[in-house]
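So that we are looking at the same thing, I have put the structure below in structure tokens.
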Protein chains: 4
Amino acid sequence: MGIQERKERERERRRQQIMVAAKRVFSVKGFSKATMEDIAKEAELSPGTLYLYFKNKDELYASLSLRILQYLLIRLEHVNAEPDLTPDQMIESLKETMYDVYEFDPLILVNMFHLQSSEALKNLTPELLSEIRDLSQNSLNTMAKIFEKGINNGAFVEKNPLVFSDIVWALFSGIVLWEESKRIFNQESNSLKETLETAFEIFAQGIKKMERR
Amino acid sequence: MGIQERKERERERRRQQIMVAAKRVFSVKGFSKATMEDIAKEAELSPGTLYLYFKNKDELYASLSLRILQYLLIRLEHVNAEPDLTPDQMIESLKETMYDVYEFDPLILVNMFHLQSSEALKNLTPELLSEIRDLSQNSLNTMAKIFEKGINNGAFVEKNPLVFSDIVWALFSGIVLWEESKRIFNQESNSLKETLETAFEIFAQGIKKMERR
Amino acid sequence: MGIQERKERERERRRQQIMVAAKRVFSVKGFSKATMEDIAKEAELSPGTLYLYFKNKDELYASLSLRILQYLLIRLEHVNAEPDLTPDQMIESLKETMYDVYEFDPLILVNMFHLQSSEALKNLTPELLSEIRDLSQNSLNTMAKIFEKGINNGAFVEKNPLVFSDIVWALFSGIVLWEESKRIFNQESNSLKETLETAFEIFAQGIKKMERR
Amino acid sequence: MGIQERKERERERRRQQIMVAAKRVFSVKGFSKATMEDIAKEAELSPGTLYLYFKNKDELYASLSLRILQYLLIRLEHVNAEPDLTPDQMIESLKETMYDVYEFDPLILVNMFHLQSSEALKNLTPELLSEIRDLSQNSLNTMAKIFEKGINNGAFVEKNPLVFSDIVWALFSGIVLWEESKRIFNQESNSLKETLETAFEIFAQGIKKMERR
DNA sequence: TATGAATGAGCATTCATTCAT
DNA sequence: CATGAATGAATGCTCATTCAT
């Protein structure tokens, strides 16, 4: 391993260290209320150091979203790679993927919609921006491929697979946000798992072609 | 009309004027990047005036959410009041309600999740907070009642009506957020209407009890 | 009584009403933290009305000091007018005057030193400013005359009567301020009356020419 | 000298630099009219820097009072430590202490009564608050001890030493305030030194037990 | 005269970012 | 590379004062 490579590795370790700290802080305080100093303290580094690894606060934030999108894509490709899934198995597999994404990073997902603000996008490097775009595009496409199979083999009603993907992702995001918001407003709430379970079950029923004789 | 009443009306008009301006500004900039001065300018008032009608920035923001929740509740109660809906009609009716809510205030809804931050809740008057709580509770309950009917007359599979309500609301929120975020990332996107249409259709299929002979 | 005069009287009544309210509010909150709206509410008037009777906040404040200075002068002239006081009676009389001044307006006196700020003086009309100057000058002179008598009839040690006056007034102001500040810091404090009593007793002893044999 | 210690020393220097600037600005403008930016400019620092060393404006202000109280206490303990003072020497010593306190910080003393506002106390850290309390308590007690000696050895009339202390402090504060206020109102004024001289002389005469043969 | 809604300058405080060490 | 003190622009909010009614 060359010295160059070792350095690169070391640098990556630091980045991760910062991102882990940032995730924790953003989760608790939200994007705006979290300060760079909070994050620096959590990472046991000084504020200045953060700027050696991330151009600015927005970029640090966006990098977190990148990470979860990467994880999502890997999981979806895994589902897609598996041959011979029955429709029910496929939906089940998607459900588990979503649930794992949630476990991987429950609160960042909630906050990921911070990126919606076109103001927030202004401070991102074009590279990071397009990386995020590509990743989410790829995730959607992979999901669409999964549904395409189902349609092709006659298991699913004929619909645009891309719309199916949208609905799955929206369903998932919506449920996470919704549960979270109910928790905060202290309203009785079914567990995320239960709601997710039911939602996907309903979804599965809905897209299965009912056999008629 | 008494002088008292006239004043009250005038005051309400001003509040609306401010809220309309605030909605526009928050929509474009998001909560944190929008300044009170931005909003004042948009409303063609001075910053100080805003504080005559809203205790602080958070409260102004929350008032916007209140408005849409009020509209939602009214629409849902309307659906619930209609007798003799077939399952399909009911789902159709819900879909239209959601779509109208979106038209009523497309972007605030996207941002409504700002309220999730428990930090944001700190600056709200308890009255406003409980009003928001009650409204969303009532909306959920009304939606649940609608599903209860469907379950009772055997049209729907037996499931907790409250979970159904959650899913509808989450589905809706999720789709709006998702479409919005795709628009911002410049990804090709199906129209909101189309996605909503399909999603509710799938949902309807999923919860209907299939008659077999 | 002419209509002109009646109006003048009415105007004076309003002024007094405002000053009474102002005194109460300034006493509780201090000059800076008291707002014109606070005072208006206390006077059951609107903020705008205050400005019909007082040019600005500083002037309203200064008018209060004027009132107590007027009261002080009247009392001192009374003491001076009394013939044939023994040294002890004279000091006693001064002590009571000071105590009554305190009772007349305990907290404004404490705050009267707000006027020391040369910034505060900038907003006063020259008339009001010179009125305050004259009144305090007169009070001092009257006090000095009282001491002059004591010196002339051999009862007091020979010293500049004006310095005596200064000391009396400073002693009094200091004690009031000091007691007040100890009260706020929750330190055990002798009652104002007791401290005043002792202080004047000491003062009397100090300036009396002790004749023996 | 360790690096830790050097930093601490540097930090203390900055604090002093800010306090010196603050003293100047508060003296001229008074607490409310002085802005943090004024002080920053005077200290040739930026506004933000002030907050690295003082929690807020109130705390910066209170720290000034602390300093003078510390100086007072040291001087008083010095007086108390000296053995074999005659009554006259003791009073002389107190007078000089007071005069030096005035020289040390003439105008802050005038403003020290800003702390009387219970509103002002709200923003202070409990630590600072209790430090101020303890210091003034100790100063009073030390002064009381000084008088106790005088009473014990029969030189002073028998009176509560604490009341004596109160009077001395009040006398001093009162004179400073009074001189200052006369200066502002452009009234002819005896010099502080002369008034102080006379006042203490009178005080000394008043508390001395007159020897009779 | 009296009102009180509206004003807008003013200010304390925060915090992302920089840079000398 | 790492630091963390310093920066200073930015912003929410206040309140003395005005003025149309």
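We name chains A, B, ... by the order of the sequence lines, and we start the count at 1 in each one.
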| task | Send over the distance from B:Tyr61 OH to F:dG12 C1', rounded to a whole Å. | result | 17 Å
| Summary of salt bridge (Lys or Arg N to Asp or Glu O under 4.0 Å) pairs that have at least one residue in residues 51-61 of chain A, sequence neighbours excluded |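 Residue pairs with at least one partner in residues 51-61 of chain A: there are none.
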| field | Watson-Crick or G-U pairs under 3.5 Å in DNA chain E, rendered as dot-bracket with [ ] for crossing pairs and | for another strand | value | .||||||||||||||||||||
| query | How does protein contact run along nucleotides 12-21 of chain E, one letter per nucleotide 5' to 3', with B for base contact, S for sugar-phosphate only, - for none, heavy atoms under 4.0 Å? | reply | SBBSSBB---
| Note, A:Phe31 side chain near B:Ser32 side chain (heavy atom, < 4.5 Å) |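 Side chain of A:Phe31 against side chain of B:Ser32, heavy atoms only: no contact under 4.5 Å found.
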| task | Rounded off to whole Å, could you give me the NZ-to-P distance for the B:Lys29 and F:dG12 pair? | result | 11 Å
| Roughly, in whole Å, what's the span from CG in C:Leu45 to C1' in E:dT1? |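 One finds 11 Å between C1' of E:dT1 and CG of C:Leu45, rounded.
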| query | Could you give the CD1-to-P distance, from A:Ile39 to F:dT3, as a whole number of Å? | reply |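 It works out to 15 Å between those atoms.
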| message | Nearest whole Å is fine: how far is E:dA6 P from B:Arg13 CZ? | response | 12 Å
| task | Round to the nearest Å and state the distance from D:Lys41 atom NZ to E:dC11 atom P. | result |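 Answer to the nearest Å: 11 Å.
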| request: Only counting residues at least two apart or in another chain, list the ones meeting side chain to side chain contact (heavy atoms under 4.5 Å, CB included) with B:Gln17. | output: B:Arg14, B:Leu45
| Can you check whether A:Ser46 has a side-chain N or O nearer than 4.0 Å to OP1 or OP2 of F:dT3? |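 Answer is yes, contact under 4.0 Å.
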| task | Could you tell me whether B:Glu10 and B:Arg13 have a side-chain N and a carboxylate O separated by less than 4.0 Å? | result |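 Answer for the salt bridge query: yes.
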| So does A:Tyr53 get a side-chain nitrogen or oxygen closer than 4.0 Å to the phosphate oxygens (OP1/OP2) of F:dC1? | yes
| message | Students often get this wrong, so: under 4.0 angstrom with heavy atoms, is A:Arg14 touching a base, only sugar-phosphate, or nothing? | response | sugar-phosphate
| query | Which pairs count as salt bridge (Lys or Arg N to Asp or Glu O under 4.0 Å) when at least one residue sits in residues 35-48 of chain D, sequence neighbours excluded? | reply | D:Arg24-D:Glu42, D:Lys29-D:Asp38, D:Glu37-D:Lys41
| message | By nearest heavy atom, map B:Lys7 and B:Glu44 onto DNA chain E; which one lands nearer the 5' end? | response | B:Lys7
| task | Please name all residues satisfying ring pair (Phe, Tyr, Trp, His ring centres under 6.0 Å) with A:Tyr51, sequence neighbours left out, ordered by chain then number. | result | none
| said: Applying a 4.0 Å non-hydrogen cut-off, can you work out what B:Leu50 is touching in the nucleic acid: base, sugar-phosphate, or nothing? | reply: nothing
| Does C:Lys122 have any salt bridge (Lys or Arg N to Asp or Glu O under 4.0 Å) partners at least two apart in sequence or in another chain, and if so, which? | C:Glu119
| field | Pairing residues for A:Glu12 by the side chain to side chain contact (heavy atoms under 4.5 Å, CB included) criterion, not counting sequence neighbours | value | A:Arg15, A:Gln16
| message | Taking only side-chain N and O atoms of B:Arg11, does any of them lie within less than 4.0 angstrom of OP1 or OP2 on E:dA5? | response | no
| message | In this structure, how many angstroms lie between the P atom of E:dA5 and the CZ atom of B:Arg15, rounded? | response |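 Taking CZ of B:Arg15 and P of E:dA5, I get 14 Å after rounding.
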| query | What's the CZ-C1' distance between B:Arg9 and E:dA5, to the nearest Å? | reply |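 Rounded to the whole Å, the gap is 19 Å.
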| field | By salt bridge (Lys or Arg N to Asp or Glu O under 4.0 Å) - contacts of B:Glu127 (at least two apart) | value | none
